[in-house]
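Below is one structure; the comments refer to it alone.
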Amino acid sequence: MASSISINSISPYSKYLRRNRNYCLSASAALRGAINFPVKCSSSSNLSCERSCRFGIVRASCTEEVVDDHEFDNVERKVLRVGIICGGPSAERGISLNSARSVLDNIQGDDLHVSCYYIDSNLNAFAISTAQVYSNTPADFDFKLESLAQGFRSLSDFTEHLASSVDIVFPVIHGRFGEDGGIQELLERSNIPFVGTGSTQCQKAFDKYDASMELDRQGFVTVPNFLIQGNETDESGLSKWFDQNLLDIKSGKVVVKPTRAGSSIGVSVAYGVSDSLTKANGVISEGIDDKVLIEIFLEGGSEFTAIVLDVGSGFNCQPVVFLPTEVELQSHGTVDVSEKDAIFNYRRKYLPTRQVAYHTPPRFSMDVISRIREGASLLFQRLGLRDFARIDGWVLPPSTKASTSAGNKFGRTDSGTVIFTDINLISGMEQTSFLFQQASKVGFSHSNILRTIIQHACLRFPDLLSHNIISCPSRRRSKSSSLTEEFTKQHKKVYVIFGGDTSERQVSLMSGTNVWLNLRASDDLEVTPCLLAPAMSYTVVSDSAKQEVDEKFKTVWTLPYSLLLRHTTEEVLDACLEAIEPNRAALTSHLRNQVMDDLMRGLRNHSWFNGFDISDELPKKFSLEQWVKLAKESQATVFIAVHGGIGEDGTLQSLLEAAGVPYTGPGAMASKTCMDKVATSLALQHLTDFGVLTINKDVKKKEDLLKMSISDLWLDLKSKLHCDTLCVKPARDGCSTGVARLCCEGDLAFYVNVLQDCLPRIPPNSLSKAHGMIEMPNPPPELLIFEPFVETDDIVVASKSRNENAHNLLWKGDSRWVEVTVGVVGKRGSMRSLTPSVTVKESGGILSLEEKFQGGTGINLTPPPPSIMSSAALERCKKRIELIANTLQLEGFSRIDAFVHADTGEVLIIEVNTVPGMTPSTVLIHQALSEQPPLYPQQFFRTLLDLASERSM
């Protein structure tokens, strides 16, 4: 079975240290010709340019690019074949898959043909379908590779294929083999054009120790550090270094980090020499790296990150630094001991958390911001970087030791000292990454920035001069752009609403962002993202009172493009409040114009640059009632992506129905029924003879649970439900929220205490059976359901060698019940089941929110292979799922979770989600791609939107 391996065991990888050959691309005349490559500006393009000037969107001058029709007719524009390579051997492999999905979604067009490739942890290369890019996790990828992908016998065969099949490669491998020069040298040896920095420069910039030494030689302020290599444990030397830097040998605080493992992997805080060596040896023994850097902890500093874009011509480097982002680490409530010296680690960087907030532009003084931009630009040039990069660093107050000892080195300002610490050659490209956050602040959409990067890379390769893609091939402008009525009346308005205040709000943000980005690809739609913000902290105790609060005091923010690109709803709301503060708004506008001017000095020389497509807008706040009225007046269709709460209990649906506003998903009554798990069971209990079963339930009020003896309660529940293991879940909340397996009286006591103390979550493995983080409802549920825990059989992946069949699954158990999740799509009364999915879990007995929606763990099997369920049983299962959907009067789309008997296809219903997760890696996407023909995300979400519009006619 494919798995992560130690660094030293990667034999192909260790042999690519012979560096950088030139491409024989010294055809400067050809490159100069590329700068003025003629492109026809059609009548529609002229109109677009005219509008851009009229409405304040900065664009490249069209008059400079326009040529006569007969001149343009002589130029044959070719489709550019782009190869995306993702995966790799590092622990950031999962982020690489997210980046690949995002790049694929946002660069596609008639002028580009995209092929996808995957490198596994053993450096085996595969050609994969674009559909496979939407697999959930690295484990998901690896499991399916041998059955769904074309494997190459060697990396040489792989590059031979690339040379004949693609024009340029876009590597999105983060960390090892992607940013250290590995993939770059492989491509250089075969003269294959690629996006980004060359191999020799990657090798120097990626190694944190080498980069630090180079920065010091270049005259930049650097962080004092000490290098540990392999088994060379130099305790005496490290002790001396502690003394030199005035650190206590026993308790001095330092940061321990691998030198070649990306920006987040294996980074920790240590105290004193002994602890430092222990953690450094841990990094080495775990195979993360055999070189470890120990740095002083930068007390009192503020972290930042900045994207750099090269807008020069060919090899003439002209880097422009975007508005930097300040990274603010925060703590909410009780801080765990392990978090007291928090650092910007892997989890905070890539997963939703309230422990970090971002500020773009940063809240630094103007001289510090200028020094960051100037320094990052100098670094980009002096290190020989290409196309784009992300550079991280710190700003230290003038009073700190590092500031006072900086001398005349670059970084000193009156307001503090700027220190650059990390250079990221292939920045993360997930939907809400720093690249897109900062690019959108200065006028680039996702598509525009990615296409600009690709086209700029093409300038270095004379053979690609006839491939002239357009940076912004379609309108794709944010809804809030000031467009004339004549221009917009032919476009359908769509409001995508997400957020809320349930424990699923962060998943809701991910769903809403994904839906918004995919619907924006349709040129006939004007799509507005809308945040449903929490109005207050609930102190009410009844559901009816809570609903009254929801309707009267909820607020909705319509968002500009850049403010949506955040990890948490709280962060989006904070960004809205910050954006409308007058001084802050003025500063942002000033800095934005400054950066855009810098960009245009280079981009105006490129005929392929079609202008900026994101305008500078402010968010707008409405009451929920005002927002519904606005949707009515705008004749908009509402795409509901609010999970749990008013998004699924019928409240939002009722408000929209009353106003005559069309919306996605089931109606108010069906939503209300499905949100109440008891009501759902009652509505389906008459279907037993048709093979649809329901689970026995016992409903308890929270106030009664708090009063009862735990021993009596446990015995009473076991007696009523005739079981020894229970499942507890809120009666009216979304999937996974507050759901726990109770195996003993102690588990019940712990759960009741969580309810009593109103805790926001149950930490992993707090109960007797291993489990992940369990998010709890907010506010705490008034009604809870207890039901027998259904013991399904375990399906695990057997260990396998390269020569064995990919579908090597082991079935453990004899109940023959498996858990599935199924999407249903269609009109009321004729709902159709998509292909069910079975997830092979990697932990616990209940999937967590992360496992379901955030690309966490597990292998998704869509459809279930014949070794799990026969085609006949699968078809019977789908018919019963459709019966359930139509009985509940579902419409649009929903997701049904159930246990299915693998032989008979009988269905034991768990719950129905009327607003299912719509994140990039959710199983609904996998199921849509299993249709014939496949429905890709843009098509799938458009289909759901059209169903909503059709039922309103």
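Computed from heavy atoms alone, side chains included, the values below leave out hydrogens, waters and symmetry copies. These numbers were taken from a predicted model, which means no experiment stands behind them.
- Distance alone, capped at 3.5 Å, places no donor-acceptor pair between the Lys492 side chain and the Asp524 backbone.
- Side-chain contact between Tyr134 and Asp105 is present, with at least one heavy-atom pair separated by less than 4.5 Å.
- Screening Ile910, Ile881, Leu888 for a side-chain contact (heavy atoms from CB on, under 4.5 Å) involving Ile896 leaves a single residue, Ile881.
- The aromatic rings of Phe639 and Phe941 stand perpendicular to each other, their planes meeting at an angle above 60°, with 30° marking the opposite boundary.
- Using a 4.5 Å heavy-atom cutoff, the side chains of Leu783 and Val678 are not in contact.
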**OP:** Apply side chain to side chain contact (heavy atoms under 4.5 Å, CB included) to the pair Val822 and Lys878, showing each step before the final yes or no.
**Re:** CA-CA 8 Å; Val822 194; Lys878 291 173 67 174; 5.7 Å; no
**OP:** Run the numbers on Asn913 and Thr821 for side chain to side chain contact (heavy atoms under 4.5 Å, CB included), then give the verdict.
**Re:** CA-CA 10 Å; Asn913 298 279; Thr821 186; over 6 Å; no
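- For the pair Asn514 and Gln431, the minimum side-chain heavy-atom distance is below 4.5 Å.
- Under the 3.5 Å distance criterion, the side-chain polar atoms of Glu775 are left unmatched by any main-chain donor or acceptor of Ser503.
- In terms of heavy atoms, Glu504 sits closest to His643 at CB-CB, 3.8 Å.
- Side-chain contact annotation: Ser837 with His926, donor-acceptor N/O pair under 3.5 Å absent.
- In this structure, the side chain of Ser949 engages the main chain of Leu945 through a donor-acceptor pair within 3.5 Å.
- Partner of Val496 under the side-chain contact (heavy atoms from CB on, under 4.5 Å) criterion, out of Ile640, Thr637, Val638, Val527: Val527 alone.
- Counting heavy-atom neighbours within 6.0 Å of Gln635 CD, excluding the residue itself, gives a total of 12 or less.
- Within the 4.5 Å cutoff, no side-chain heavy atoms of Thr914 are placed close to those of Met675.
- In terms of heavy atoms, Ile868 sits closest to Ala902 at O-CB, 3.3 Å.
- Of all the heavy atoms in Asp501 and Lys554, the pair that sits closest is OD2-NZ, 2.6 Å.
- Side-chain atoms of Ser681 and Lys697 include a donor-acceptor pair closer than 3.5 Å.
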**OP:** Apply side chain to side chain contact (heavy atoms under 4.5 Å, CB included) to the pair Arg101 and Ser921, showing each step before the final yes or no.
**Re:** CA-CA 9 Å; Arg101 275 192 289 266; Ser921 59; 4.0 Å; yes
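- We find that Arg942 and Asp946 are joined by a salt bridge, their nearest charged nitrogen and carboxylate oxygen being less than 4.0 Å apart.
- Nearest heavy-atom pair, Val699 versus Ile785, reported as atom, atom and distance to 0.1 Å: CG2-CG1, 4.3 Å.
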**OP:** Carefully, step by step, assess Ile128 and Lys144 under the rule side chain to side chain contact (heavy atoms under 4.5 Å, CB included).
**Re:** CA-CA 10 Å; Ile128 60 176; Lys144 299 171 183 176; over 6 Å; no
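- A 4.5 Å side-chain heavy-atom check between Pro666 and Cys674 finds every atom pair outside the cut-off.
- Annotation: side chain of Val739 is not in contact with side chain of Ile774 (no heavy-atom distance under 4.5 Å).
- In this structure, the side chains of Tyr936 and Thr130 come closer than 4.5 Å at one or more pairs of heavy atoms.
- Contact record, Tyr751 with Gly738: OH-O, 2.5 Å, taken as the closest heavy-atom pair.
- Here side chain to side chain donor-acceptor pair (under 3.5 Å) pairs that include residues 655-668, with residues two or more places apart or in two chains, are Glu657-Tyr663.
- Ring pair Tyr118/Phe126 is tilted by interplanar angle, where 30° to 60° counts as tilted.
- Not counting sequence neighbours, the partners of Asp698 by the side-chain contact (heavy atoms from CB on, under 4.5 Å) test are Lys700, Asp716, Leu717, Lys720, Leu721.
- Separating the NZ atom in Lys718 from the CG atom in Leu726 is a distance of 8.5 Å, to the nearest 0.5 Å.
- Rounding to the nearest 0.5 Å gives a distance of 11.0 Å between CD of Gln132 and CG of Leu929.
- With values rounded to the nearest 0.5 angstrom, Lys632 atom NZ is found 11.5 Å from Ser634 atom OG.
- No side-chain donor-acceptor contact under 3.5 Å links Ser930 and Thr862.
- The two atoms that bring Leu924 and Gly917 nearest to each other are CD1-O, 3.8 Å, heavy atoms only.
- Salt bridge absent: Glu526 and Lys493 never bring a charged side-chain N and a carboxylate O closer than 4.0 Å.
- Under a 3.5 Å cut-off, the side chain of Thr680 and the backbone N or O of Thr673 do form a donor-acceptor pair.
- Salt bridge status for Glu911 with Lys729: absent, with no side-chain N to carboxylate O gap under 4.0 Å.
- Side-chain contact annotation: Asp793 with Ser815, donor-acceptor N/O pair under 3.5 Å present.
- Between Thr922 and Pro916 there is no side-chain heavy-atom pair separated by less than 4.5 Å.
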